Protein chains: 2
Amino acid sequence: MTNKKTIDFSNIKVSCEDCSLNELCLPRGLDTQDLGRLEEIVKRSRPLRTGEYIFRAGDKLTNLFAVRSGTVKLVLIDENGDDQIIGFYFPGEIIGLDAIDSERHLVSAIAIETSTYCGFPFNKVNEICRLIPELQNQLFKLMSRQLTAENELLLTIGKKNAEEKLSTFLLSISSRFQAMGYSSREFNLSMSRQETANYLGLTIETVSRIMSRFQREGLISINRKQVRIINMDTLRNLSTGCLSTEKKTG
Amino acid sequence: MTNKKTIDFSNIKVSCEDCSLNELCLPRGLDTQDLGRLEEIVKRSRPLRTGEYIFRAGDKLTNLFAVRSGTVKLVLIDENGDDQIIGFYFPGEIIGLDAIDSERHLVSAIAIETSTYCGFPFNKVNEICRLIPELQNQLFKLMSRQLTAENELLLTIGKKNAEEKLSTFLLSISSRFQAMGYSSREFNLSMSRQETANYLGLTIETVSRIMSRFQREGLISINRKQVRIINMDTLRNLSTGCLSTEKKTG
DNA sequence: CGCGTCGTTGAAGCCGCTCAATAGATGTGG
DNA sequence: CCACATCTATTGAGCGGCTTCAACGACGCG
């Protein structure tokens, strides 16, 4: 409803060199000269509101994108209308890589809070890759890392029970916030219960119930989207299924 | 027990040009000259028996591998000892790509029947990529395709019920056999019930029960690992959850 | 033939889902 | 500022699909 079909990049020149995310983002590991080449092709978006698309499944691949602020979800929709959130993306993270094979996006990228992003025209990235081997390596690594992340998610969804899924999820968010330089113990979940449930292969009721249980047992303090992790160690044990909720520490 | 720690490549020169798989495998799209460059670095393995490793989680990434014959499973094992099969790989398919980021394998590759493979030293692949842009593209596409495959699996494991999972699985195997030039209606499952169940996030009992039900209802004929698909359309409907088993066609 | 492995089938139980009601948060207009 | 509507989150009760536990059958190999 609030979505727009077309994304108009502002023509503001982006300076990757001055960007606080450059050590997390695509330019990671590039020297000043190579950074300059990359900067020339980057376009920055206007702010998106919740629910707006960066790209839709079926769109032709024209850009790779880096989340610049906010949070973006990738959603896969099958012929039946079932949708599965396959990942949440935070600032500095790259999306669009899975479209390289078919040159068409098979998933949709949707902002789940006010967000901005940078776009890198894909054909130019391809050219620059030949000039900058380091960038080629960086892209390989990014895709490889994404594969690894999906492997983890597969293990979580396929083998863990609801309690293990939720604790794994909270710890994953926590460590990603830490990587961005924020607190690993206190943060705002940008995704709704519905989105969390979808991502983990659960229902919102189950997510809600287990969050409440974690709170009753003193593992976390949670109010709506505001989370504080109180007992990180027990949460870690729960996430691996080594410890049942009953016999928690303390 | 039958596993060997070290893999000794035979020094037999491999000719990708004459290989029947070259249109499915890494060389896809390469011209004769480029093919020659790739051939120079390829080593072919001796036959592996069921249970033997191509690489183990934790091993340093030295080669990318192409399955040449047989079937290989990729297995992810977490700290808790839970393991999840994240894919089955048939002749022409490439494994090892997920290790590019950390330069260490995070999953293990295990033959599930007598299998052979080809190895491509990774550092040389990297070099050659700079000489042959087409190979670089090919690698990007392979990784991208792998991401897409994992997305599908996520949707299957996360959102489908047992019946939908099994029919999706059978159809996936069927179409991959077809892509290799074999029959899409009659084939041998190389994986055990245990492996199928693990892959789909089910138990062997459930897999067995639903296979039997499909047979009772005339969708397939199955005897141990020998499968014949009788009613492909209904199976297709089942896989998308559009049709319950009861109200099947006919 | 005996043994071990793999697959099938049955019965009972539990985890997470469905359905439903309530509470809290957010937004709008008067 | 409050009344009202809407949306999200929480909590409870009951049910069902898949798992667990268990026994049996089929096949291969010594």
Side-chain angles (χ1 to χ4, degrees), chain A residues 1-2 49-51 73 82 84-85 112-114 156-170 188-217 220-227 238 241 244-246, chain B residues 1-2 49-51 73 82 84-85 112-114 156-170 188-217 220-227 238 241 244-246:
Chain A
M1 30 192 72
T2 59
R49 276 171 311 212
T50 303
K73 65 177 172 184
D82 282 348
Q84 168 76 43
I85 296 176
I112 64 172
E113 62 178 333
T114 303
T156 299
I157 290 185
K159 289 285 173 296
K160 294 177 193 270
N161 63 24
E163 185 176 88
E164 291 161 357
K165 286 178 180 178
L166 250 301
S167 45
T168 301
F169 175 73
L170 288 172
N188 258 319
L189 294 176
S190 43
M191 59 292 295
S192 68
R193 292 288 185 275
Q194 179 61 61
E195 286 161 335
T196 305
N198 181 301
Y199 176 67
L200 294 172
L202 297 169
T203 58
I204 56 171
E205 294 95 330
T206 301
V207 169
S208 190
R209 267 186 261 272
I210 296 200
M211 292 285 205
S212 299
R213 197 164 87 209
F214 283 173
Q215 178 157 246
R216 271 201 308 279
E217 287 163 349
I220 63 172
S221 155
I222 184 166
N223 187 290
R224 296 264 151 170
K225 304 199 162 174
Q226 186 64 36
V227 176
L238 277 183
S244 85
T245 318
E246 288 75 25
Chain B
M1 28 191 74
T2 60
R49 278 172 309 214
T50 303
K73 66 177 173 184
D82 281 348
Q84 167 77 43
I85 296 176
I112 65 173
E113 62 178 333
T114 303
T156 299
I157 291 185
K159 289 286 173 298
K160 293 177 192 266
N161 64 21
E163 185 177 87
E164 292 162 356
K165 285 179 181 178
L166 250 301
S167 45
T168 302
F169 176 72
L170 288 172
N188 258 318
L189 294 175
S190 43
M191 57 292 294
S192 67
R193 292 289 187 276
Q194 179 61 63
E195 286 160 336
T196 304
N198 180 300
Y199 176 67
L200 294 172
L202 298 168
T203 59
I204 56 171
E205 294 95 330
T206 301
V207 170
S208 190
R209 268 186 260 271
I210 295 199
M211 291 285 203
S212 300
R213 198 165 85 208
F214 283 174
Q215 177 157 243
R216 272 202 307 280
E217 289 164 347
I220 63 171
S221 155
I222 184 165
N223 187 290
R224 296 261 151 172
K225 303 198 162 175
Q226 186 64 37
V227 175
L238 277 182
S244 83
T245 317
E246 288 75 26

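Note that this is a predicted model, so its numbers are computed, not measured. Below, read A as the first sequence line, B as the second, and so on, with proteins coming before strands; counting in each chain starts at 1.
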Between [X] (side chain) and [Y] (backbone), is there a donor-acceptor pair under 3.5 Å?
X       : Y       : value
K165(B) : L200(B) : yes
K159(A) : N198(B) : yes
S208(A) : I204(A) : no

Base of [N], side chain of [X] - is there a donor-acceptor contact under 3.5 Å?
X       : N       : value
Q194(A) : dC7(D)  : no
R209(B) : dT20(D) : yes
E195(B) : dC6(C)  : no

T203(A) versus A197(A), closest heavy-atom pair with distance: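 For T203(A) versus A197(A), the nearest heavy atoms are C-CB, 3.5 Å.
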Atom pair distance, as rounded to whole Å: CG in L200(A) and P in dC15(C):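 Value for this atom pair: 19 Å.
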Separation of dT9(C) P from I204(B) CD1 (nearest whole Å):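 So the CD1-P distance, I204(B) to dT9(C), works out to 13 Å.
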Sugar-phosphate, base or nothing in reach of S208(A), heavy atoms under 4.0 Å: base
Sugar-phosphate only, base, or nothing, as touched by K225(B) at under 4.0 Å among non-hydrogen atoms: sugar-phosphate
Under 3.5 Å, which N/O atoms of the protein pair with N/O atoms of nucleotides 14-18 of chain D?
unit_1: dC18(D); atom_1: OP1; unit_2: A162(B); atom_2: N; d: 2.9

Phosphate-side-chain proximity, R224(B) and dC6(C), N/O vs OP1/OP2 below 4.0 Å: no
